[in-house]
Amino acid sequence: MKYLFSLSILGLFLSFATSSCAQSDKSKRPSPPALIKQKVGNTTVSIEYSQPSVKGRTIGEDLEPKEAEVWRTGANEATIFQVDNDVMINGKVLPKGKYALFTIVNKDNWTIIFNKEWKQWGAFKYEEEKDALRVIVKESKAEPFAEKMFFTIDDEGKVILMWGEKKIEFFVK
């Protein structure tokens with residue numbers, strides 16, 4: 001009887017261990033993680049995010065970002081924007097560090113937000129008073145259509161976000 005009880009406890013433990021390992025494997029999520037790093041001058045710029053897919057839905061209606069709402073600029077955890085030196089974002093100073101990258105869409109303008117509270121899930125705990133910087137950029141048309149959201153950074157510091165037919169860009173100097 002002790003043997004059967006011990007075996008049951010071991011089986012229960014193994015099932016919990018297996019399910020927790022599976023949950024921590026972020027690559028199996030519907031919106032998998034992505035990381036882009038680029039050297040811009042002597043500064044390393046990195047963006048760590050999760051990539052949602054359009055899957056036939058309409059951005060702004062069925063999918064975020066929705067008009068005038070704060071968006072985590074990706075899926076799952078808040079997107080992390082990190083620089084290892086002080087930089088200029090579209091001509092405005094951003095001190096070195098880690099930031100949550102949020103956006104707000106207002107028609108064809110996007111507000112890009114660098115928030116000091118970088119470790120958070122989504123935008124549920126977003127607090128405007130923790131913003132380090134906000135810049136406004138124009139939206140343009142993505143070509144080709146980006147089924148999966150992604151970022152690019154070139155060695156000149158141009159950061160591009162592509163998502164569906166939406167394309168925004170800002171500059172890190």
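All values reported here derive from a predicted model rather than from experimental measurement.
Taking Ile, Leu, Val, Met, Phe, Trp and Tyr as members and joining any whose side-chain heavy atoms lie under 4.5 Å apart, directly or through other members, the hydrophobic cluster of W118 also contains I80.
Taken from CD1 in I168 to CD1 in I112, the straight-line distance is 4.5 Å, to the nearest 0.5 Å. One finds the CG atom of D84 at 12.5 Å from the NZ atom of K98 (value rounded to the nearest 0.5 Å). From K92, atom NZ reaches atom CG of L94 across 11.5 Å, with rounding to the nearest 0.5 Å. To the nearest 0.5 Å, atom CD1 of residue I47 and atom CD1 of residue I36 are 6.5 Å apart. The structure places CD of E169 at 9.5 Å from CG of D154, a figure rounded to the nearest 0.5 Å. Atom CE in M162 sits 13.0 Å away from atom CD in E147 (nearest 0.5 Å).
With hydrogens and angles left out, the side-chain atoms of W110 and E139 include a donor and acceptor closer than 3.5 Å. Under 3.5 Å, the side chains of K39 and T44 contain a donor-acceptor pair of N or O atoms. A donor-acceptor pair shorter than 3.5 Å cannot be found between the side chains of T79 and T73.
A chain of hydrophobic side-chain contacts below 4.5 Å, direct or via other Ile, Leu, Val, Met, Phe, Trp or Tyr residues, connects V135 to V87. Note: the hydrophobic cluster containing V40 also contains F170 (ILVMFWY, side chain heavy atoms under 4.5 Å, direct or indirect links). One hydrophobic cluster, built from ILVMFWY side chains closer than 4.5 Å, holds both L63 and M149. One hydrophobic cluster, built from ILVMFWY side chains closer than 4.5 Å, holds both I153 and I160. A chain of hydrophobic side-chain contacts below 4.5 Å, direct or via other Ile, Leu, Val, Met, Phe, Trp or Tyr residues, connects L133 to V172.
When each of T103, L101, V105 is paired with W71, the side chain to side chain contact (heavy atoms under 4.5 Å, CB included) condition holds for T103 and for no other. Just one of Y99, F114, Y49 meets the ring-ring contact (aromatic ring centres under 6.0 Å, His included) condition when paired with F81; it is F114.
With hydrogens and angles ignored, the 3.5 Å screen pairs a side-chain donor or acceptor of K66 with a backbone N or O of E61. The main-chain N or O of I136 is never found under 3.5 Å from a side-chain atom of N90 such that the two would form a donor-acceptor pair. Checked by atom type and distance alone, the side chain of D86 pairs as donor or acceptor with a backbone atom of K96 at under 3.5 Å. With hydrogens and angles disregarded, no donor-acceptor distance shorter than 3.5 Å links the side chain of E69 to the backbone of I104.
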Decide yes or no on side-chain contact (heavy atoms from CB on, under 4.5 Å) for E165 and E143, but give the supporting numbers first.
CA-CA 7 Å; E165 292 183 337; E143 291 190 29; over 6 Å; no
Report the C-alpha distance between F171 and I89 in whole Å, list the side-chain angles of each, state the deciding distance to 0.1 Å, and finish with yes or no for side-chain contact (heavy atoms from CB on, under 4.5 Å).
CA-CA 6 Å; F171 296 88; I89 306 287; over 6 Å; no
Steps toward side-chain contact (heavy atoms from CB on, under 4.5 Å) verdict (E128, V70)
CA-CA 10 Å; E128 186 174 343; V70 174; over 6 Å; no
Take V54 and W163, measure what side-chain contact (heavy atoms from CB on, under 4.5 Å) needs, and give me the verdict at the end.
CA-CA 8 Å; V54 177; W163 177 221; 3.6 Å; yes
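Residue K37 qualifies as open at atom NZ: its count of foreign heavy atoms under 6.0 Å is 12 or below.
Pairing each heavy atom of A100 with each of A78, the nearest pair is CB-CB, 4.0 Å. Of all non-hydrogen atoms in Q51 and P33, the two that sit nearest each other are OE1-O, 4.4 Å. Listed here is the closest heavy atom pair of N115 and K130: ND2-C, 3.4 Å. Residue F102 comes nearest to R72 through the heavy atom pair CD2-CA, 3.5 Å, listed as atom of the first residue, atom of the second, then distance.
The shortest side-chain heavy-atom distance between E77 and S50 falls under the 4.5 Å cut-off.
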